[in-house]
Number of protein chains: 2
Amino acid sequence: MKKQKTRDHIVEAADLLFYQQGFEHTSFSDISDAVQISRGNFYYHFKSKDDILEAVISARMDKTRKMLTQWELKGSRPEDRIKCFIRILVTNRDKILNYGCPVGTLTTELAKIKHASREEANALFTLFRNWLKEQFTQLGHPADADNLAMHLLARSQGVATLASAFQDAKFIDDEVTQMCEWLNAYVPKE
Amino acid sequence: MKKQKTRDHIVEAADLLFYQQGFEHTSFSDISDAVQISRGNFYYHFKSKDDILEAVISARMDKTRKMLTQWELKGSRPEDRIKCFIRILVTNRDKILNYGCPVGTLTTELAKIKHASREEANALFTLFRNWLKEQFTQLGHPADADNLAMHLLARSQGVATLASAFQDAKFIDDEVTQMCEWLNAYVPKE
DNA sequence: ACACCTTTAGGACGCTCATCCTAAAAAAAT
DNA sequence: ATTTTTTTAGGATGAGCGTCCTAAAGGTGT
């Protein structure tokens with residue numbers, strides 16, 4: 001079925017554009033230019049711009065869930081899995097320098113314009129939060145797990161914002177190193 | 001002269017609206033409604049919307065500079081002055097929960113839309129950065145001063161973003177406490 | 001009372017936007 | 001080959017935007 005394929009293309013292009021330019025600042029023309037599709041034809045696939053946003057968020061949720069399970073397979077120890085999270089900053093360094101954190105910037109924008117889908121965007125944060133919480137629990141800190149998860153989320157978020165503002169790649173690397181060291185203090189010695 | 005007074009009112013109202021709704025999402029009608037002034041009359045005071053933004057940023061720079069000198073008078077020791085910075089999160093808790101950090105959100109928005117004034121907005125970050133750097137130097141860490149300043153900026157930024165996303169006031173308080181403890185490790189013992 | 005400068009109001013303009021509509025093209029089914 | 005369904009293109013619509021223009025109102029000095 002061709003419909004699904006076109007729909008996926010639209011979501012993919014919108015996803016990228018929403019990240020690079022922001023949701024409000026991205027018009028239908030921008031998306032149609034990227035997908036090479038007629039502007040008016042959008043409404044065969046989506047009923048509104050908000051509808052595209054929902055699809056984009058939903059796609060990001062899926063992609064994130066897959067990434068998290070990937071990390072669970074890659075790192076056998078919880079500390080290794082958490083380090084996978086910390087290192088996204090390094091992995092996506094260039095994107096972050098240019099456009100900031102995809103989760104943080106979208107959440108902030110939608111909150112500011114009081115968009116109906118802002119709760120759905122927040123769910124992306126919750127996904128990471130709960131996953132990290134689980135890892136910290138497995139690491140042996142069940143009581144503090146949620147606090148540690150929030151702490152790590154906040155630090156990553158701050159690093160992304162500042163690195164982007166100052167175009168400072170080295171800052172990312174330094175802070176990632178520090179976060180790994182911070183994490184090591186919570187790894188039980190055998 | 002009445003002109004200056006009206007101009008100040010406009011800047012004040014625009015400042016608040018840009019913070020609460022974002023720059024792009026705030027229209028001339030929004031501002032004129034707030035100031036109770038005719039929409040078309042704006043162009044007697046400003047030559048464009050971007051011009052208002054410049055004035056708002058400039059006003060924020062002035063206000064920030066005043067705040068920083070205030071802190072220098074209030075805290076005689078550098079560690080006390082740095083704690084003034086850390087505690088803005090607590091002081092402005094409600095605003096931050098609703099609208100995030102004024103500096104971070106504006107910087108991020110302007111960067112994303114590649115607005116001409118994004119460098120000017122970044123200067124707000126630089127103001128804090130240099131001031132903090134100076135305090136850490138006075139604290140006896142001249143070599144690390146800039147790194148420590150960036151680190152603290154990033155943490156505050158992250159806390160604001162996450163607290164706003166999760167509407168979590170307690171998270172702000174906890175993290176502020178942690179940052180103060182972190183700072184204490186850098187205070188020389190006598 | 002008059003002239004002059006400052007400040008204001010509010011409509012007009014052109015543009016872009018999200019959305020809708022309809023007819024044609026493409027594909028699939030018969 | 002013909003009918004039916006799916007998918008497309010592109011113009012029309014109406015609203016909101018930033019901006020501009022002009023005439024009037026307000027204030028001030030003579």
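A note on names: the letters A, B, ... follow the listed sequences, proteins ahead of strands, and every chain is numbered from 1.
Taking side-chain N and O atoms only, A:T6 has no distance below 4.0 Å to OP1 or OP2 of D:dT6.
Rounded to an integer number of Å, the gap from CD1 of A:I113 to P of D:dC17 is 14 Å.
Using a 4.0 Å cutoff on non-hydrogen atoms, the parts of residues 23-49 of chain A near DNA chain D are A:I37, A:S38, A:R39, A:G40, A:N41, A:Y44, A:H45, ordered by number.
Taking the six-membered ring for Trp and the full ring otherwise, B:F18 and B:Y99 have centroids separated by 6.0 Å or more. Aromatic ring centres of A:F171 and A:F166 lie farther apart than the 6.0 Å criterion allows.
Ionic pairing of A:K83 and A:D80 is not present here: no N-O contact between side-chain nitrogen and carboxylate oxygen is shorter than 4.0 angstrom. Salt bridge annotation for B:R129-B:D146: present, with a cationic side-chain nitrogen under 4.0 angstrom from a carboxylate oxygen.
Taking the ring centre of B:F23 as origin, the terminal cationic atom of B:K49 falls inside the region bounded by 6.0 Å and 45° from the ring axis. For the pair A:K3 and A:Y44, the cation sits on the ring face: its NZ or CZ lies under 6.0 Å from the ring centre, inside 45° of the axis.
Looking only at side-chain heavy atoms (C-beta outward), B:E79 and B:Y186 stay at 4.5 Å or farther from each other.
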Can I get a per-line list of side-chain donor-acceptor pairs under 3.5 Å for residues 53-60 of chain A, giving both atom names and the distance, sequence neighbours left out?
| residue | atom | partner | partner atom | Å |
| --- | --- | --- | --- | --- |
| A:R60 | NE | A:D15 | OD1 | 2.8 |
| A:R60 | NH1 | A:P102 | O | 3.4 |
| A:R60 | NH2 | A:D15 | O | 3.2 |
| A:R60 | NH2 | A:D15 | OD1 | 2.9 |

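Here the range on DNA chain C touched by chain B, meaning any atom under 4.0 Å from one of its heavy atoms, is C:dT6 to C:dA12.
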